[in-house]
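Below is one structure, written out as structure tokens, with a few remarks after it.
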Protein chains: 2
Amino acid sequence: MQLHRDDVVDGALAILDQYGLADLTMRRLAGTLSVQPGALYWHFPNKQALLGAVADRILAPMDRPVVATDWSGALTELAHRLRDCLLTYRDGAELVSSTYASRLTTNKGRERFSSAVIRAGMPRDQAELAAYTLLYYVLGHTVDEQSRMQMDSAGALADPAGEPADATDPTARFDFGLQLFTAGIRHRLGADAH
Amino acid sequence: MQLHRDDVVDGALAILDQYGLADLTMRRLAGTLSVQPGALYWHFPNKQALLGAVADRILAPMDRPVVATDWSGALTELAHRLRDCLLTYRDGAELVSSTYASRLTTNKGRERFSSAVIRAGMPRDQAELAAYTLLYYVLGHTVDEQSRMQMDSAGALADPAGEPADATDPTARFDFGLQLFTAGIRHRLGADAH
DNA sequence: ACCTGAACACCGTTCAAGT
DNA sequence: ACCTGAACACCGTTCAAGT
């Protein structure tokens with residue numbers, strides 16, 4: 001039976017989640033789809049384009065509407081949702097991060113960030129810069145968080161009183177930086193809320 | 001004559017700057033050093049370790065003292081210096097960014113960030129979180145900035161009224177996010193400076 | 001239109017053996 | 001101690017040829 005674009009993305013996502021980004025090769029993917037490596041190049045021009053499609057799939061939940069009504073609530077919600085998307089699949093953060101860099105994913109998160117900041121009353125060009133800033137933070141933080149998770153689950157034997165080991169809850173750590181960011185926006189808006 | 005660790009790093013840095021990270025392979029590096037690929041594995045256990053040493057070399061200027069006396073001036077200066085280090089070599093930001101993730105570089109920037117924030121009066125654990133936040137921003141921004149530079153210098157022919165093309169000066173864009181961050185810190189410190 | 005077969009031009013890493 | 005020679009086990013991509 002026929003191999004469709006979506007089947008290829010499905011297969012790629014399965015390999016990613018089970019074996020990680022390093023093992024997501026065109027040859028291996030072809031193997032699990034019971035097809036020759038060259039067949040994949042009829043559906044995608046190259047590996048980067050395939051990874052872009054995988055990233056889009058991972059980020060699909062970013063399109064759903066947001067419940068918060070105030071701008072800072074909406075921004076916090078969107079940032080958390082982006083992090084959740086990235087944490088859903090193994091190496092999801094790393095994959096999306098590198099795909100953002102090569103600019104062949106429709107960067108859904110960033111657009112929604114910026115419109116939330118525009119709704120807060122910031123001029124469009126500044127709002128876009130702010131959205132980038134938040135995006136860099138979420139990606140950087142989550143890549144780091146996820147790579148630590150994998151290091152821990154691998155070498156749970158190690159760490160004989162190495163460092164304080166950051167006992168704090170990862171979500172609380174994430175919120176700290178997020179609050180730093182929203183406070184910065186609020187200051188920029190001149191909202192002396194008192 | 002003998003091949004030393006530093007010669008290997010020198011050669012790697014030269015390839016990086018001229019041909020980019022994708023062309024920085026062990027075999028090619030061995031070639032420019034007039035040595036067999038296997039020889040490199042006497043000096044470094046693997047490629048990641050070599051890249052870590054290259055990253056450390058790129059970040060060497062981060063050890064120099066800072067001129068600003070106030071914490072926000074010091075932080076701004078350090079952030080700019082980190083960006084400058086990353087922009088000095090082709091693909092420098094990408095290399096350092098991926099090396100930070102695999103945690104085998106002495107992350108000089110982050111430590112200096114956090115001690116600046118501690119000097120501002122923030123408790124150590126919070127200051128470290130703040131330092132990470134700033135680090136993610138600088139890395140994310142600079143990777144993006146540098147990859148755009150390369151896209152522009154490659155396809156200067158393209159861009160027929162594609163987007164507004166972000167006419168703003170890259171340094172000004174960088175400063176915007178940086179100010180968002182320092183404002184966030186200032187707010188956290190409760191410094192109602194008036 | 002969609003895929004196979006087979007090749008091209010590479011990779012990182014290991015390791016006996018040489019000097 | 002430091003390196004060579006040669007192999008092992010892979011990569012992404014292309015493309016004539018098949019159906």
Side-chain angles (χ1 to χ4, degrees), chain A residues 1-16 18-55 90-91 94-99 101-105 147 150 154, chain B residues 1-16 18-55 90-91 94-99 101-105 147 150 154:
Chain A
M1 66 214 72
Q2 271 258 28
L3 184 68
H4 287 107
R5 248 184 90 99
D6 278 352
D7 304 328
V8 180
V9 176
D10 285 344
L13 207 46
I15 294 179
L16 180 75
Q18 284 185 47
Y19 305 99
L21 186 55
D23 284 356
L24 177 44
T25 70
M26 297 301 265
R27 303 182 96 101
R28 180 157 186 169
L29 175 55
T32 73
L33 296 171
S34 306
V35 99
Q36 295 295 317
L40 300 175
Y41 290 84
W42 195 90
H43 298 276
F44 293 94
N46 51 49
K47 186 178 180 180
Q48 275 300 317
L50 204 183
L51 294 182
V54 176
R90 208 231 269 213
D91 288 343
E94 197 185 339
L95 165 32
V96 170
S97 182
S98 62
T99 305
S102 49
R103 243 168 301 287
L104 19 84
T105 180
S147 91
Q150 270 149 217
Chain B
M1 69 214 73
Q2 271 259 26
L3 184 67
H4 287 107
R5 247 183 91 98
D6 278 352
D7 304 327
V8 179
V9 176
D10 285 344
L13 207 48
I15 293 179
L16 180 75
Q18 284 185 45
Y19 305 99
L21 186 56
D23 284 355
L24 178 44
T25 69
M26 297 301 265
R27 301 182 96 99
R28 180 155 184 170
L29 176 55
T32 71
L33 296 171
S34 306
V35 100
Q36 295 295 319
L40 301 175
Y41 290 82
W42 196 91
H43 298 276
F44 293 93
N46 51 49
K47 187 178 180 180
Q48 276 300 317
L50 204 182
L51 294 181
V54 175
R90 208 231 268 217
D91 289 343
E94 198 185 339
L95 165 30
V96 170
S97 182
S98 62
T99 305
S102 49
R103 242 169 300 287
L104 20 81
T105 179
S147 92
Q150 269 148 217

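Below, chains carry the letters A, B, ... as their sequence lines are ordered, and counting in each starts from 1.
- Distance noted for atom C1' between C:dC11 and D:dA7: 14 Å (whole Å).
- Interatomic distance, CG of A:L95 versus CZ of A:R90, reported as 13.0 Å (0.5 Å rounding).
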Begin from the C-alpha positions of B:V54 and B:T99 and carry the test side chain to side chain contact (heavy atoms under 4.5 Å, CB included) through to its verdict. CA-CA 9 Å; B:V54 175; B:T99 305; over 6 Å; no

For DNA chain C, just give me the dot-bracket, please: Watson-Crick or G-U, both distances below 3.5 Å, ( ) intra-strand, [ ] crossing earlier pairs, | paired with another strand, . unpaired. ||.|||||...|||||.||

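- At a threshold of 4.5 Å between non-hydrogen side-chain atoms, the residues B:V9 and B:F44 count as touching.
- To the nearest 0.5 angstrom, A:Q18 atom CD is 10.5 Å from A:L13 atom CG.
- A:D7 and A:Q2 share no donor-acceptor pair across their side chains, judged by distance under 3.5 Å alone.
- Contact footprint of chain B on DNA chain D: nucleotides with an atom under 4.0 Å from a non-hydrogen protein atom, first to last in 5' to 3' order, D:dA1 to D:dA7.
- Heavy-atom minimum distance, A:V96 versus A:A55: CG2-CB, 4.2 Å.
- Closest non-hydrogen pair, B:L29 versus B:I15, comes out as CA-CD1, 3.6 Å.
- Both A:A39 and B:W42 lie close to DNA chain D; mapped to their nearest nucleotides by heavy-atom distance, the more 5′-ward contact belongs to B:W42.
- We find the OH-CG distance between B:Y19 and B:D91 to be 14.0 Å, quoted to the nearest 0.5 Å.
- Nucleotides C:dC15 and D:dC3 are separated by 12 Å at their C1' atoms, to the nearest Å.
- Near DNA chain D, meaning a heavy atom under 4.0 Å away, the residues from residues 23-31 of chain A are A:T25, A:M26, A:R27.
- Of all heavy-atom pairs spanning B:S147 and A:A101, the tightest one is OG-O, 3.8 Å.
- Atom NZ of A:K47 and atom OG1 of A:T25 lie 6.5 Å apart (nearest 0.5 Å).
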